[in-house]
Asks: 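Structure provided below as structure tokens; questions to follow.
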Amino acid sequence: MAQFTLELVSPEQLLLSEQVDMAEIPAAEGDMGVLAGHAPMIVALRGGVIRVHEGGRVTKRLYVAGGFAEITPERTTVLADMAVPVEQIYADSARSRVAEAEAAYLEAAKGADVEAREAAMAKLLAAREMLAAAAA
Amino acid sequence: MPSLKTLRTRINSVKSTRKITQAMKMVAASKLKRAQSQAEAARPYAERMERMLGALATSVAGSPDAPRMLVGTGRQDVHLLVVVSADRGLCGGFNSTISRFARSRVRALEEQGKTVKLLTVGRKGRDYLRREYARNIVGEVNFVGKKRIGFEDAAPIAEKITAMLAAEEFDVCTLVYNRFKSVISQIPSEQPLIPASIPATGEVAADVGPKALYEYEPAEEAILASLLPQNLAIQIYRAVLESAAGEQGARMTAMDNATRNAGDMIARLTQSYNRQRQANITKELIEIISGAEAV
């Protein structure tokens, strides 16, 4: 199976740079599976888990809290706001993030600013994804 | 001529000073290594961000509703300078160089009749600029007590700038910081933040080739709207890291010089101590001999 380079970078470090078969990316408008030779795209990400497939199995799972991805036929670069391997997420810290995001959302929901509410909602969903990833 | 006792105390005090400067030098050296590797770790993200931004900017450029963060407000009247300095002293000319550089920039801009606002990052730069331009300072940030500067520390600065831009409080934003050239040399430099400097179109085309026709999801404008603030934060983060590495480099050099100077001083003092001691002995001998002769 043709492979492509998947790079995952956060502002603080380069987390991943290797040849993979397929990557599942949590794009803002739905998950997408990227294979080698994908049409060039730039997508925004929501909070979620990137799954790396190699040899027909999921070999790595990494949680990202939003960001962007640049897809070209031979290379995919994910610029994550924050990224952690799923094994390193603690359910407790994920739970407290969810609680924080819920409080922030309730606060934003009171105001009339639609954009702020949407941003808070996105944060809340990202935190819930994190918790789900930790539990799985 | 000072007495033997005062010389002895002087030598001892200089010796303990040397011990301190030597220890500070070693601490700075190890912190420098850490700061450098942190700055290096941040590089890939910034590079890729630039590449993506270049591709996006080319496709949005020229459209009348291009985001303000990319093209500015179209005026040049109010300048915001973000001055990055260190929180601590004892690092040679590091802080005064950057502060003086910032001051000359402010002066040049004010001579052109522009309004200048200052946002200081780091305590020392604020202390310096406050003397002359207290009314220009619109905000200050410092990292006192932080062991390691993370991205989450730099992001609020970018948020503040974004909020100020939305409120039309400035037209042009420039970052002033010490660029890390090498351990012994830091160069005060400025970098335009808003309007954003985007790599030239030619560069981007050469990099991605003719396939630079990306599809966007969501639309280009929406991606650009969230990409630009992130880019701002990344540029500030990068400058803060460079400045932090430069600070440690400058401190290391300064402390190395101080250690050497202390060594020279000890040698000089020891020599005059010995000379004084010998003079005393000679004087006593003469006294004894002349006493014996008189008998």
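Numbered from 1 within each chain, the chains take letters A, B, ... in sequence-line order.
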Asks: Within the distance-only criterion (no hydrogens, no angle test), does the side chain of Ser85(B) pair as donor or acceptor with the backbone N or O of Gly125(B) below 3.5 angstrom?
Replies: yes
Asks: Using a 4.5 angstrom heavy-atom cutoff, name the option from Pro44(B), Ser226(B), Ala46(B) with the most pairs to chain A.
Replies: Ser226(B)
Asks: Please check if atom NZ in Lys117(B) has more than 12 non-hydrogen atoms from other residues, nucleotides or ligands closer than 6.0 Å.
Replies: yes
Asks: At a 4.5 Å cut-off on heavy atoms, which part of Leu241(B) comes close to chain A: side chain, backbone, both, or neither?
Replies: neither
Asks: Would you call Glu54(A) and Arg57(A) a salt bridge, using N to O less than 4.0 angstrom?
Replies: no
Asks: Find the one option among Ala27(A), Ala80(A), Ala28(A) whose heavy-atom pairs under 4.5 Å with chain B are most numerous.
Replies: Ala80(A)
Asks: Where does Phe151(B) contact chain A at under 4.5 Å (heavy atoms): side chain, backbone, both or neither?
Replies: both
Asks: Contact part of Ile234(B) toward chain A, heavy-atom cut-off under 4.5 Å: side chain, backbone, both or neither?
Replies: side chain
Asks: Arg75(B) versus Glu168(B): any side-chain heavy-atom pair under 4.5 Å?
Replies: yes
Asks: Side chain, backbone, both or neither: which part of Ala44(A) has an atom under 4.5 Å from a heavy atom of chain B?
Replies: both
Asks: How about CZ on Arg148(B), more than 12 heavy atoms from neighbouring residues, nucleotides or ligands closer than 6.0 Å, or not?
Replies: yes
Asks: Do other residues, nucleotides or ligands put more than 12 heavy atoms under 6.0 Å from Arg97(A) CZ?
Replies: no
Asks: Given a strict heavy-atom distance threshold of 4.5 Å, which part of Ser17(A) is in contact with chain B: side chain, backbone, both, or neither?
Replies: neither
